[in-house]
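Proteins come first, then strands; the chains are lettered A, B, ... in the order of their sequence lines, and each starts at number 1. Values below: every heavy atom of this structure, side chains too, minus hydrogens, waters and symmetry copies.
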Amino acid sequence: MECCFLQFSRQTTAATALVPKLCFSSTAAHHCVSLPEDDLIQPQSIAPSSPSEPNPTAQLLSDCLSDGRHSDVITVLRRTPPSRYLVFYWNNLIKRSVSFQDHRNVFHLFDEMRRLQWKPDGHTYPYVLKACGDLTSLAAGMSIHALALVSGFTNCNVFVDNAAIAMYGRCGAFDKARQLFDEMLEGGVFDTVSWNSIISAYVQFGDSRKALRMFKEMVSRGDIGLRADAVSLVNILPACASLRSQRRGAEVHAYSVRRGLIDDVFVGNAVMDMYAKCGLIDDAKNLFDRMEVKDVVSWNALVTGYSQIGKFDDALGLFDRMREKNIELNVVAWSAVIAGYAQRGLGNEAIDVFKQMIVSGSQPNAVTLVSVLSGCAASGASNPGKETHCYAIKQVLNLEGNDPGDDMMVINGLIDMYAKCKNLKVAHALFDSIEMKNRSVVTWTALIGGYAQHGEAGDALGLFAEMLREGCRMMPNGFTISCALVACARVGALRLGREIHAYALRNRYGDAMIFILNCLIDMYVKSGDMDAARAVFDNMSQKNAVSWTSMMTGYGMHGRGEEAVQVFEKMRAAGLPIDGVTFVVLLYSCSHSGIVDQGISYFNHMKDFGVVPAAEHYACMVDLLGRAGRLDDAMRLIRDMPMQANPIVWVSLLSSCRLHGNVEIGEHAVNKLLELKFEVDGLYTLLSNIYASAKQWKDVARIRLLMKRAGIRKRPGCSWVQGRHGTATFYVGDKTHPMTKEIYDLLHDLIYRAKIMGYVPETSFALHDVDDEEKGDLLVEHSEKLALAYGILTTTPGMPIRIMKNLRVCGDCHTAISYISRMIEHDIILRDSSRFHHFKNGSCSCKGYW
DNA sequence: TTAGGGTTAG
C-alpha cells in the first residue's frame, strides 16, 4: 500500500491515575507556585538535632550533595532511620527532579521516602504538587493533596495551599482551586502568591474578565499589605491582550512603572506583547527601544508582533538585525518567521527558512513543523510536505517527554497538508492511524475540509455524519460546519444543507457565525435556492465583503446579471472593500447575462478601485466577448494582454468557439493549450464538438482516433437529482436504476409530445457519425434527461425539480428540457458545470448565454 | 512569570 510507511502506532502517554503508579510525560512549565526558599537552608541550622555535636549523617549527606553525588544521597538516606531533620535531603532530590521535569523520579522518590517511613513535610508537598500540575494529572494531584491534608498540612501552611491552588488551576479543576483560595482568605492565611495562583488559574481557564477583577481587587488591598509583584503583572498582561483591552493593558503598564517593576525584563516583555496583541505595535516598539535590558524573548515578541499584524517586512528586518547582532536565534524566532511566510501563502519561502534553520543548528520543534506544514499546504508543495513528514518522524514525533498535544498538532498539520495537496489517501491513512479518543475536532475538520475541497464531497459528508455519531464527545465547531456546507454546496445537497442550517442555529457559534452564514449563502446559491440565499443574507446582523460577493455570485450563476450589478453598486456605495475576486464575480455575471458594454466599462475602470486586472479578469472578458459572438475582439484582447495568456483564457475562447461553431479560432486555442502542456479535461471533446457543429465529420473521426490512441477517454456525463427517496445518480444510457422502465417510457412519451410541439433533436450533439434517426435515440439517453424523468416521477406536483450535472448541459438536452417545461407542473432548476438554468413554461433563464 | 503553532467562506 502506498502509505504503509505512514501508519503510526501511537502510544498515548496519559497521566493515568493515582500515585504511586503513574505513566508520565512532561509538559511545558507554566506555573506560578512559589516554593519556600528556606528549604535551601541546611537543616541543622533550622533545628539541629544536637546543636553542640554535629550530626555525622547530615554532614555526609551534605558532602554528597555539594559534590553532586545524588545517587549516594539516596543510598545514605535509605540506610538512615527516618528523621524529620533529614527530610531536607529527600526534598532536595525531589526539587531537583521537578526542575528537570523528571516527573517519574519525583513520584519514585516520594513513594520511596514514604515506604521507608519518612514523613514528607511542608516543603515536600509543594514540589510534588507542582509535578502533578506539570503533568496536569488531577488524580495524582488530588491524592497528594489528600495526603497533605491528612498529614495536617492544611490552612496553616501557605506554601502547601498555594501549591495546591496552582495544581488545581493547571489541572482545570477550577472550582477546587477557588474553594481552597476562599478558605485561605477566610482563615486570613494567604500571601501574594495565593492571589497570583488563583488569578493564573482564571487566565488559564480563559476567564480573562474574572482574572482582571481579581487583579483589581488585589491591588486595592494594599491596606492588608497585599501588593502585586512582577509575577502578578506577567500573569495579568496576557489577559488584557486576550480581551484586546488596550485601556486595561495600559493601566497595568502604568502600575508597573509606578511600582518600578517595568525594568524587570519579564514584565517589559509581557507589556510589549500586550501592546502588540492589542494592535498597538508602535507602543510595543517604543517600549522595546527604551528597554535597557532586552533578552531574546523581547526580540521574538516584536518579530511576532510585526508578523501577525501583516507588517511582515518589519518582522523580517528585525530578524535580520538579530542575526547581525548575534542574538541567539532560537526556535521561537525561526518558527515565527516560518509561520509569517506560511500565513501569507508563501510556502516556498517558509520551506527555505526551515532549511536555513536546520543548517543553523537550531532544533525545530512541533510548532516549527506545524508552521512549515501550513506553508506546504498553502502552496500545495507536496514533496517538501513529505520531506517534512519524514523529518517529523525522525526528529520530532513520539520522543520521550513530548507533550502528546504537541504531537497531535503535528499530525493534524500533516493531515491538513496532505489533504490540501490533494493526497487524500495519505491524509485519510494518517487519520485512521490515530486512536478515536485522540482525534480532536481539528483532526476531523482537516480531513472533512480536504474532502470538501479536493476530494469526493460525499466522503466529506460521510465523515461529518460519522463525527456527529460520536455524540457529545466530538462536537463540530464553526470550522467543521463551514467545511460540511462547502461539501453540500459542491454536490448541491440542499436537504442536508438545510439540516445543517438548522443545526447551526440551534448551537450558537458566536464569532464564527458570519463564516457559517456566508457558507450557507454559497450552499443555497449552488443548490439552486436563491430565495433561501437571499433570506440568509437579509437576516445577517453583520455582513462582510464575502457575504455580498456570495450573493453576487448567486445572481451571476442564475442568469440575473442586472441584480448582480445592483449588488456590486450597493457594495461600492457602502464602502466595502472591492478586490480582485469582486471583479471576477462581477465580470462573470455580466458575461453570463449578456451585459456586454457595461462589463467592458467595469473592466476598463478596475484600476480606479486599485485593482490591477489579472489573467483571470482577462479570461472573464474573453468569455464575455466570446459569448456575445465577438471572437475577433476576444482574440485582440488576448493579443494585448500585458501577461502571457494562461490556460483559463484559452479555454474560455475555446468554449465560445464551440458556441459559435468557429473552427479556425477553436483550433488556434487548442494549439495554444497544447503548447502550454495543459491537460484540460474534455479539451478534445470540446474540439470534436466544434467540428460536429460544423458537420466536419472527418475531423470528428480524426479527433476520436487521436483520443483513442492517446488513451484519452471522454469523461462520462453524470447527473443527479434529489427525489423523494434520496439522491439518484444517472450516467449516459444508464439502465441500472430500479425504475428504469418507467423512466424510459416517460422520456419517450415526453420527447414524442415535444416533437409534436416543434422540437427537432439537435443531432450534432450526439457526436456519432451515424444517421440522424439513430442519433435522436442516443440523445434520449443523456443523463440530464434521465434525471429529469426520474425527478418528474418522484417529485410532488408543483415542487421544483433540481438537477445537477458534472459537465455542461448538452445543447439538445437544453432545447428538449425547454419544451418539456411547458408540459409539466414543475419548475426545472438545472445546475451544470458552468451555471444554472431555470426552465419554466418553455424558456430558460440563461437566455442562450451558457 | 514573558515570545512561536493546526481546521472555515466570495
Indicate every side-chain donor-acceptor pair of residues 513-521 of chain A with a distance under 3.5 Å to a residue at least two apart or in another chain.
residue: A:Asn518; atom: OD1; partner: A:Ser547; partner atom: OG; Å: 2.8
residue: A:Asn518; atom: ND2; partner: A:Ile514; partner atom: O; Å: 3.4
residue: A:Asn518; atom: ND2; partner: A:Asn544; partner atom: OD1; Å: 3.1

For residues 371-382 of chain A, which side-chain N or O atoms pair as donor and acceptor with protein atoms under 3.5 Å away, sequence neighbours left out?
residue: A:Ser371; atom: OG; partner: A:Val367; partner atom: O; Å: 3.1
residue: A:Ser379; atom: OG; partner: A:Gly375; partner atom: O; Å: 3.1

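In terms of phosphate contacts, A:Lys277 brings a side-chain nitrogen or oxygen within less than 4.0 Å of OP1 or OP2 of B:dG4. Residue A:Lys420 places at least one side-chain N or O closer than 4.0 Å to OP1 or OP2 of B:dT8. Between A:Gln453 and the phosphate of B:dT7, there is no side-chain N or O to OP1/OP2 separation shorter than 4.0 Å. At least one side-chain nitrogen or oxygen of A:Gln343 sits closer than 4.0 Å to the OP1 or OP2 atom of B:dG5.
Applying the 6.0 Å contact sphere to CZ of A:Arg227 captures no more than 12 heavy atoms from other residues, nucleotides or ligands.
Contacts of A:Phe266 classified as ring pair (Phe, Tyr, Trp, His ring centres under 6.0 Å), with partners at least two apart in sequence or in another chain: none.
Using a 4.0 Å heavy-atom distance criterion, A:Asp579 is classed as a base contact.
Pairs passing the side-chain hydrogen bond (donor to acceptor under 3.5 Å, both in side chains) check and including a residue from residues 476-491 of chain A, sequence neighbours excluded, read A:Thr445-A:Thr480, A:Asn477-A:Thr480. Residue pairs meeting the salt bridge (charged side-chain N to carboxylate O under 4.0 Å, His left out) criterion with at least one member in residues 263-277 of chain A, sequence neighbours excluded: A:Asp273-A:Lys277.
Contacts with DNA chain B (heavy atom under 4.0 Å) in residues 479-488 of chain A: A:Phe479, A:Ser482, A:Cys483, A:Val486, listed by number.
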